[in-house]
Amino acid sequence: MNSKAIYLDYAATTPVDPRVAHRMSTCLMFDGDFGNPASTSHQYGWQAAELVENARVQVADLINALPTEIVFTSGATESDNLAIKGAVFRTNHGHVVTSSYEHKAVLDTCTYLSDKGWDVTFVDPSRDGLVDPAAIENAITDETIIVSVMHVNNEIGTLNNVQEIGRMCRDRGVLFHVDAAQSVGKVEVDVKSQNIDLLSISAHKIYGPKGIGVLYIDRNAHSRIEAIIHGGGHERGMRSGTLPTHQIVGIGEAVRICKAQLPTERKRLLSLRKRLYSHLMQIPGVSLNGSEDERIPGLINVAFEGVDGETLLLALDGVAVSSGSACTSATVEPSYVLKAIGLEDQLAASSLRFTVGRFTTEEDVDLAATHVTDVVMKLRS
Ligand SMILES: *Cc1c(COP(=O)(O)O)cnc(C)c1O
């Protein structure tokens, strides 16, 4: 293949915005701000510390938090681990409530805790791909320490009512954690009005670099979370390790751009997604997985009846998309997310995820849709 495939996999990761890359590059070399933000005895350290604190304010501003409530981590996976393990290790016993279609960073953490003897309830989402707040409320017991429910599902793009779940958690005195890796920067997130105690963010889903993320910890929840990485006591003792100035400046700039462009980008991505969807809907036997209305602008997950998803992926060499299925050595397992929302194995195995993003054009969408249509028709005949 001569040219690169059309990239429609922005939910997996995004390219770094050039403005972000530029800012990061000024924090690496001798003539830049390379200092250790923890060095308090000279200018190099002060300068780096100031950049870190500026980024902290930018992240806090995006989600309506205080800068002191922002903890920098290596990404959303670490943030999820810190939130959930940090809460249960504090108490040494108790119950965790989550959903069965969380990202593996939450799911595997909860399974690990369950294997270690903690009590965990996995609540199934509904057929339209949403977690019913009432189902979470029913799962909460007097022993529950923490509830963890994702804001937007990374495979199907559906948007949960976290405000309502958060309100119930507050009423019961239970910590509420939200994995917001797929929602921050794309839809409004307000940790205060949405009653969120802990919130995970990842930079590389919002045009920032890989390897940096945030855990927001509400100031009233701070004493209920225990660190899982110990060392120099950085980040108010919550996460030790020398702060990576360039990465932190990167997430700060990424977040600044998202905040400034959110309304226009949301409109643009919604229009691109609808364009793609209406193209694909012309193919017979195509259906959307998850609610059509309660979703982020840029993502659709579509089932192509009678076509094997893996075969389709292989045949689609000009379009970069993904299926949620996991390949083990011998077999291809259909996506656990699609199974959790009640899709039959066969339909789950014939589903693909398409995500448009900041650098997607109408031409990309049209070309990709034509290509998908051709390949599906060919495979069916
Ligand atoms: C990408 C993603 C993660 C993992 O984030 P990393 O920064 O790559 O560790 C966690 N949760 C969701 C919902 C994601 O989409």
Side-chain angles (χ1 to χ4, degrees), residues 7-16 20 55 59 63 70-86 98-112 122 125 129-131 147-160 162 165 176-187 189 196 198-216 228-229 239 241 244 247-248 250-252 254-255 258 269 289-290 294-301 321-324 326 335-338 340-341 353-357:
Y7 190 71
L8 294 182
D9 206 11
Y10 281 81
T13 195
T14 60
V16 172
V20 172
V59 174
I63 59 172
I70 301 300
V71 173
F72 290 112
T73 67
S74 64
T77 299
E78 185 187 326
S79 299
D80 291 346
N81 272 264
L82 174 56
I84 299 167
K85 288 179 188 160
T98 189
S99 82
S100 57
Y101 79 158
E102 295 292 313
H103 187 276
K104 287 283 185 183
V106 167
L107 220 46
D108 286 3
T109 298
C110 289
T111 306
Y112 166 82
F122 297 91
L130 298 167
V131 175
V147 167
S148 180
V149 175
M150 68 202 317
H151 197 189
V152 167
N153 182 276
N154 49 296
E155 276 189 40
I156 56 177
T158 46
L159 179 69
N160 280 316
V162 288
I165 299 170
F176 182 39
H177 168 248
V178 174
D179 181 338
Q182 295 288 348
S183 68
V184 159
K186 297 167 191 151
V187 295
V189 174
I196 298 167
L198 301 145
L199 182 108
S200 303
I201 305 176
S202 174
H204 76 91
K205 305 288 173 65
I206 51 171
Y207 313 95
K210 294 167 183 63
I212 182 81
V214 158
L215 181 66
Y216 150 81
I228 55 175
I229 294 178
R239 203 283 191 178
Q247 299 285 76
I248 291 172
I251 194 173
V255 152
C258 281
L269 294 184
N289 295 321
E294 302 298 315
R295 63 171 52 254
I296 48 164
L299 195 162
I300 45 171
N301 188 304
V321 292
S322 73
S323 71
S335 149
Y336 69 90
V337 170
L338 297 178
I341 69 168
R353 177 185 71 185
F354 299 81
T355 13
V356 293

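Numbering starts at 1 and runs along the sequence shown. Everything quoted here is computed from the prediction, not taken from an experiment. Counting starts at 1 for both ligands and their atoms, in listed order.
The shortest distance between side-chain heavy atoms of P297 and V187 falls below 4.5 Å.
With ligand atoms numbered from 1 in the order given, ligand 1 contributes 13 (C), 15 (O) to contacts under 4.0 Å with heavy atoms of N154. Ligand-side atoms of ligand 1 in range of A181: 2 (C), 11 (N), 12 (C), 13 (C), 14 (C), 15 (O), range being under 4.0 angstrom from any heavy atom.
Rounding to the nearest 0.5 Å gives a distance of 11.5 Å between CE of M150 and CG of L159.
Looking only at heavy atoms of the protein, atom 8 (O) of ligand 1 is closest to H204 NE2, 2.8 Å. Among all protein heavy atoms, the one lying closest to atom 4 (C) of ligand 1 is T77 OG1, 3.5 Å. What sits closest to atom 5 (O) of ligand 1 on the protein, heavy atoms only, is A76 CB, 3.2 Å. Nearest protein heavy-atom contact of atom 7 (O) of ligand 1 is S202 OG, 2.7 Å. The nearest heavy-atom contact from the protein to atom 3 (C) of ligand 1 is H103 NE2, 3.4 Å.
Tested against L199 for a side-chain contact (heavy atoms from CB on, under 4.5 Å), the candidates L215, V189, D179, I70 yield a single pass: V189.
At least one N or O atom of D179, backbone or side chain, sits closer than 3.5 Å to an N or O atom of ligand 1. Considering both main-chain and side-chain atoms, K205 comes within under 3.5 Å of ligand 1 through a nitrogen or oxygen pair.
Taking the ring axis of Y112 as reference, the NZ or CZ atom of K85 stays within 45° of it and closer than 6.0 Å to the ring centre.
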